[in-house]
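Atoms within a ligand are numbered from 1 in the order they appear, just like the ligands themselves.
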Amino acid sequence: MKIIRISITIVLISMANLLFAGDGMWLPLLLKALNEGEMQSMGMKLTAEDIYSVNQGSLKDAIAHFGGFCTSEVISDQGLLLTNHHCGYGQIQSHSTLENNLLKDGFWAQSQDEELANPGLFARFIVRMDDVTDKILAGVTKDMDEKERQSVVDKNIEEYKGTLRLKEFHDVIIRPFYHGNQYFSFQTVTFNDVRLVGTPPESIGKFGADTDNWEWPRHTGDFSLFRIYAGPNNEPAEYAEENVPYKPKHFLPISLDGVEEGDFTMIFGFPGRTNQYLPASAVEQIVETLNPAKIEIREKALAILDEKMRADEEVRIQYASKFARIANYWKKWIGESQGLVKTKAIDKKKRFEEEFKMKNRSNPSNVSLLPQMDQLYKANESYAFTRDYFSEVASRNIELLSVSSILGRLVNRYENNGEDAYNGYLGRVKGYLKGFYKDYRPDIDQEVFAALTEMYVKNVNPMYVPDELKNIKGTKGFQMLASNLYGNSFISNEDKMMELLDLEPTAAIEKLKMDPAYMLSSAWSSMIDEKVNKPYNENKAQLDELQRKYMQAIIETFPEKRFYPDANSTMRVSYGQVNGYKPKDGVCYTPVTYLDGVIEKYVPGDYEFDVHPKLIELHESKDYGQYADTNGQVPVCFLGSNHTTGGNSGSPAIDAHGNLIGLNFDRVWEGTMSDINYDKSICRNIMVDARFVLFIIDKFAGASHLIEEMELVHPKGE
Ligand code: ARG
Ligand code: ASP
């Protein structure tokens, strides 16, 4: 650990020599030491203390983890929260029916009492963060094996948490960084009453849908508005009608001055996961084995859903969110694999590894880390493949099986923890199932089941095929199996399932255990646990240890380089500039798109590219008010060289002065490999321009009362 600290100091000295780097997701707490100088030299007018401070309101107090999967930011002194449309999608959809379709028509609460409650949704702020490495690694020694090490770490974490006296709704999260070489703690405060305030129709919020997803040029107004409510004294509280809008410690003013190429940008949020320090052998496995398997399964599931959704509007609403979720990573993996090949990531890593070995020639234990990892990745390949295949088929794409496995967990509660635990969990399961059945079509799921189980049997080593699927032959065979299973299972039928769950636990469990879907799901997953997950996890534990040592060795070997920790859903800052890019020879992308481009893409009646008549009208009358750019057009999206990943959606794009200029929501297709191999030349994040957000709220929706809550500023004095 000392070594990492030393290297941080060395980095400071050598920083002046660095080119402007777009890569890196940095810890707000370490900006002063690692990044402030570079950020200021790129144009930032703030200090590290303005961004992160424990003692006074700072930018970080405006940033909230949204539901644990996206980012959001407070944009008024009344707790108004901005995030992406695709982040609020589940909530927007849950308030939608055929008659009152918020997805299609949009929604704008005319006053605060029309704002819609969202049980289960939370907004979580970071109160403070601390480096707790010394405390958490106290007593850890070099010769400990992994189990021993982990138990010391776990004990230290528990002890540390025990020393903190936390108020209700406050918590502390401790996470490993640099693959376990450092630990940071995050004190959080969570608000559970978060209401929907407004959303544009899908034709704006999801314009271009899956065709345009992960693509530039982009014209999506991917935003929605929520509001945080608090109980007495501005403290968090469970939902209650009498709760009042939360008064934040800080909220972001919004710039009306827009962006131009080269402007400083900063993205503040909760990036989920990256893997920048994998060995070449692991990347090779992703490109050659794991991504292709996952892509092929989703392709099949999507083809079935697409056909059904196009044929029936009700199905389209029911499956819109699920389809988008499946399609999103399907397309991401394709782009990621292509990008890794195109940027020659594997060769680059191999060259890096050669250099690492050279520099460590007098340190055989460092040199041996790489071949050990290579060997373990090889040994784990068929387990990793089967695991992914199983999880894609049974947990992510066949709904009947994923629900069966939730029911399996309910049964486990009873068998391992008794009736009280069962009853405690039952409420949650019932709540989940209520939402599930609202959007469930067993006939469609049955088709997915038949197609995907057939693929599984065809592509997975017969050793890992459950007996129930072993002797099924041909497409017809799988269709018959599916039809029997869905015809006889309670689980595919809401009434029967709910009735079953009203029985005494023993009776309910007895019935469940006779259910054919339940039986298949539990036999299949126990077999996978035993034959695949167990050996996989044993190898993985060794790999984790090696990766930790490798990470430390890299940092020691290249003291002149600055390494950022992989994303782990903790709060980070990325920074870069407004920047176009060249995706391929002869093509050059400019960094800003305009409303004119929306009209260019317009396909009347199309489910991806239809344009709302009101928007067409505004475009014709050029009624843009204060939201137009200097060229007289309304900007829609812009690009930057900020390093982002999943979880950064909804993150604010912040200008040199700390104002909101945009809302992050995506990356460009060519650069989706940034999770594994960030490459400055083609990795770009995509943001909605803040002026487009304001234009839609004001001119399109006429919700000027919301604009009045905000603070609009002119930092460039324009
Ligand atoms: N690609 C973006 C992200 O990973 C946006 C996804 C939502 N849109 C969609 N069409 N699925 O979350
Ligand atoms: N669209 C992603 C998200 O939802 C962001 C990304 O992967 O770039 O977090």
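The closest donor-acceptor contact from the side chain of Thr645 to the backbone of Asp675 lies at 3.5 Å or more, if one exists at all. A distance-only check finds a donor-acceptor pair linking the side chain of Trp216 to the backbone of Thr590 [under 3.5 Å].
No donor-acceptor contact under 3.5 angstrom links the side chains of Asn664 and Asn648, judged on distance only. A donor and an acceptor atom, one from each side chain of Gln187 and Asp171, are nowhere located under 3.5 Å apart. A donor atom on one side chain and an acceptor atom on the other are not found under 3.5 Å apart for Arg273 and Ser569.
Within a 6.0 Å sphere centred on NZ of Lys582, other residues, nucleotides and ligands contribute 12 heavy atoms or fewer. Remark: Arg298 CZ is packed, more than 12 non-hydrogen atoms of other residues, nucleotides or ligands lying under 6.0 Å away.
Pocket lining of ligand 1, defined as residues with a non-hydrogen atom under 4.0 Å away: His86, Ala209, Asp210, Asn213, Trp214, Ala324, Asn328, Ser649, Phe665, Asp666.
Annotation: Phe270 is not in aromatic contact with Phe66 [ring centroid separation under 6.0 Å not met].
Here Glu670 does not pair with Lys584 in a salt bridge; the nearest charged N to carboxylate O distance is not below 4.0 Å.
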Check each N or O atom of ligand 2 against all protein N or O atoms and list the pairs under 3.5 Å, with atom names and distances to 0.1 Å, one per line.
| from | atom 1 | to | atom 2 | distance (Å) |
| --- | --- | --- | --- | --- |
| ligand 2 | 1 (N) | Ser649 | OG | 2.9 |
| ligand 2 | 1 (N) | Phe665 | O | 2.9 |
| ligand 2 | 4 (O) | His86 | NE2 | 2.8 |
| ligand 2 | 4 (O) | Ser649 | OG | 2.4 |
| ligand 2 | 7 (O) | Gly646 | N | 3.2 |
| ligand 2 | 7 (O) | Arg667 | NE | 3.4 |
| ligand 2 | 7 (O) | Arg667 | NH2 | 2.7 |
| ligand 2 | 8 (O) | Arg667 | NE | 2.8 |
| ligand 2 | 9 (O) | Gly647 | N | 2.6 |
| ligand 2 | 9 (O) | Ser649 | N | 3.0 |
| ligand 2 | 9 (O) | Ser649 | OG | 2.8 |

